Protein chains: 2
Amino acid sequence: MAVAQTTKEKVKKTAQKLFRERGYAAVGMRELAKEVGIQAPSLYNHYKSKDDLLREICFDMAQQFFAAFDKAVVTEEKFQRKLKVVIKAHIGVIVSNLEASEVFFNEWVFLEQPNLGKFKKLRFEYEMKFRDIIDKGIKKDDFKKMNSKLIAFAIFSALNATYDLYNSNENLTQEEIANDISDLLLKGLKS
Amino acid sequence: MAVAQTTKEKVKKTAQKLFRERGYAAVGMRELAKEVGIQAPSLYNHYKSKDDLLREICFDMAQQFFAAFDKAVVTEEKFQRKLKVVIKAHIGVIVSNLEASEVFFNEWVFLEQPNLGKFKKLRFEYEMKFRDIIDKGIKKDDFKKMNSKLIAFAIFSALNATYDLYNSNENLTQEEIANDISDLLLKGLKS
DNA sequence: TTTTGAAACTAACAAGTGTTAGTTATCTTG
DNA sequence: CAAGATAACTAACACTTGTTAGTTTCAAAA
């Protein structure tokens, strides 16, 4: 596995790792280059700026989240099942891209305009897809009557704990994490 | 409100605001100073380094979270109530220190040693206080049998969404946020 | 074998970094 | 009012930042 990586791929992977570990602003081009094994100016043969590199990481992830959601959401009818299946899809994307996801969630604030604006729009759209399921589920009495914005925020935050969970843990599988979290959110902690 | 602020207080407040908005690493001492209305070197009359400033923000918040937890936890016997009351306490601290809390959650990674080590220890202790309630509640059958680490992570993440919630929202009160989130976590979304 | 294009290199720039030294102004206290 | 402390100031240092210019290396195409 991980054979025949091009330099560009290596740059991207290394950037994801470093940006997650230490934050976009704290990682310099020289440090990134050193980790890749080249000189800093050589990075510009592959990406035209530091911002361009962040842009690619963030927008690639956005695309993956959208694709996974859209593929998952059509498979179920009941809203409880719909929610569970998109939660699983979301977690699936995170687990398959642990470092890039973290950058996506935490470092996008460093995007420059106009990328920043475009990105915010995408994030909002994605959030609305979740809220839509919740709102419709509430209308159909599949869900309790609650503030859907609050719920959506709580869900996102809980999902985004997946990274820490997956990294720090006693061999939880992606399936187990997805099941436990969606169970918690749907049924609650109370016995 | 906010009368007779000393320069040191103003520096701290401004730092909290800027560190939250743009990240610790992205905020320079000159920018901070400008916002305060003094020159950069004058900052060093109040804090001996940039790290020292971050240290004070983070450790002050840690202390507040501990104090609120300890005060809350003794007031209840049943573990469901215990959990609810510490959740409320935690959210209370966030709401009373919106910007500083965000720094506490997101920027502590930039602390230098030995502060970084001490801080990590504190965070872990705090997490364990929550997990302790969950574990004991599971033993007493107040809670379902679930992975307490996963649950603790999910709870923390959900709680830490409070900032975005409080800021972006349709006039939710602290009481409402605390109630809705603890209801969600205890009883779940399912009707 | 020569040509070409990609991707590496070195050197350097202008701007910005946290911070120190030394000095002056301002406020508090005796 | 004089003395001392506090907190502001200007100037500067050593280093790092993202990035560009110009050059060389090297493998594939002609």
Side-chain angles (χ1 to χ4, degrees), chain A residues 3-59 103 106-116 119, chain B residues 2-59 103 107-116 119:
Chain A
V3 281
Q5 226 176 174
T6 68
T7 304
K8 183 165 187 177
E9 285 164 353
K10 203 170 172 185
V11 167
K12 189 175 173 186
K13 273 216 160 159
T14 310
Q16 288 167 354
K17 191 186 106 199
L18 293 179
F19 291 170
R20 186 203 61 78
E21 280 173 3
R22 328 229 329 281
Y24 175 80
V27 174
M29 296 301 266
R30 288 170 233 277
E31 183 190 359
L32 172 57
K34 192 169 192 177
E35 194 92 349
V36 174
I38 59 179
Q39 295 293 326
S42 304
L43 294 169
Y44 291 80
N45 287 319
H46 307 286
Y47 292 94
K48 63 174 187 283
S49 67
K50 195 186 178 191
D51 181 63
D52 186 43
L53 183 47
L54 181 62
R55 198 215 76 244
E56 186 169 306
I57 295 171
C58 288
F59 282 78
V103 175
N106 302 316
E107 308 300 324
W108 61 268
V109 283
F110 296 105
L111 284 170
E112 290 162 22
Q113 296 291 10
N115 292 324
L116 181 58
F119 185 87
Chain B
V3 282
Q5 226 177 174
T6 68
T7 305
K8 183 164 186 177
E9 286 163 353
K10 204 169 170 187
V11 168
K12 190 175 172 186
K13 273 216 162 163
T14 310
Q16 288 167 354
K17 191 186 107 199
L18 292 179
F19 290 171
R20 185 202 62 79
E21 280 174 3
R22 327 228 331 281
Y24 175 81
V27 175
M29 295 302 266
R30 287 169 235 272
E31 183 190 359
L32 172 57
K34 193 169 191 179
E35 194 92 351
V36 174
I38 58 178
Q39 295 292 326
S42 304
L43 294 169
Y44 291 80
N45 288 318
H46 307 284
Y47 292 93
K48 62 176 191 284
S49 67
K50 195 186 178 190
D51 182 64
D52 186 42
L53 183 47
L54 181 62
R55 198 216 74 246
E56 187 170 305
I57 296 171
C58 288
F59 281 78
V103 176
E107 307 300 325
W108 61 268
V109 283
F110 294 106
L111 284 169
E112 290 164 20
Q113 296 293 8
N115 293 324
L116 181 59
F119 185 88

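What you see is a predicted model, and the numbers here were worked out from it, not measured in a lab. Numbers restart at 1 for each chain; the letters A, B, ... are given by sequence-line order, proteins then strands.
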Can you tell me how far P of D:dT19 sits from CG of A:Leu53, to the nearest Å? 10 Å

Could you tell me the separation between the NZ atom of B:Lys48 and the P atom of D:dA7, rounded to a whole number of Å? 16 Å

Between the side chains of B:Arg55 and B:Glu112, is the shortest nitrogen-to-carboxylate-oxygen separation below 4.0 Å, so that they form an ion pair? no

If you measure from CG on B:Leu43 to OG on B:Ser49, what distance do you get to the nearest 0.5 Å? 11.5 Å

DNA chain C contacts made by residues 22-33 of chain A, counting heavy atoms under 4.0 Å: A:Arg30

Looking at B:Arg20 and B:Glu107, does any basic side-chain N land under 4.0 Å from a carboxylate oxygen? no

Quickly, which of B:Arg30, B:Lys10, B:Lys17 forms a salt bridge (Lys or Arg N to Asp or Glu O under 4.0 Å) with B:Glu35? Name it, please. B:Lys17

Which atom pair, heavy atoms only, marks the closest approach of B:Ala25 to A:Ala25? CB-CB, 3.9 Å

Is the charged tip of A:Lys50 near the ring of A:Tyr24: under 6.0 Å from the six-membered ring centre and within 45° of its axis? yes

Apply side-chain contact (heavy atoms from CB on, under 4.5 Å) to B:Thr6 and B:Val11, showing your working. CA-CA 9 Å; B:Thr6 68; B:Val11 168; over 6 Å; no

Distance in angstrom units between B:Tyr44 OH and D:dT6 C1', rounded: 19 Å

Rounded to the nearest 0.5 Å, how far apart are CG of B:Leu53 and CD1 of B:Ile57? 4.5 Å

Between D:dT19 atom C1' and A:Glu112 atom CD, what is the distance in whole Å? 13 Å

Please give me the minimum heavy-atom distance between A:Leu116 and A:Leu111, naming the atom from each residue. CB-O, 3.6 Å

Protein-nucleotide distance (A:Lys50, atom NZ; D:dT19, atom P), rounded to Å: 8 Å

For B:Lys48, is there any backbone N or O sitting under 3.5 Å from a side-chain donor or acceptor partner on B:Asp52? yes

Students should find this one: the first and last nucleotides of DNA chain C, 5' to 3', lying under 4.0 Å from a heavy atom of chain A. What are they? C:dA7 to C:dA12

Sorted by number, residues from residues 34-42 of chain B placing a heavy atom under 4.0 Å from DNA chain D are B:Ile38, B:Gln39, B:Pro41, B:Ser42

Is there a side-chain contact (heavy atoms from CB on, under 4.5 Å) between A:Arg22 and A:Glu31 once you walk through the steps? CA-CA 11 Å; A:Arg22 328 229 329 281; A:Glu31 183 190 359; 2.3 Å; yes

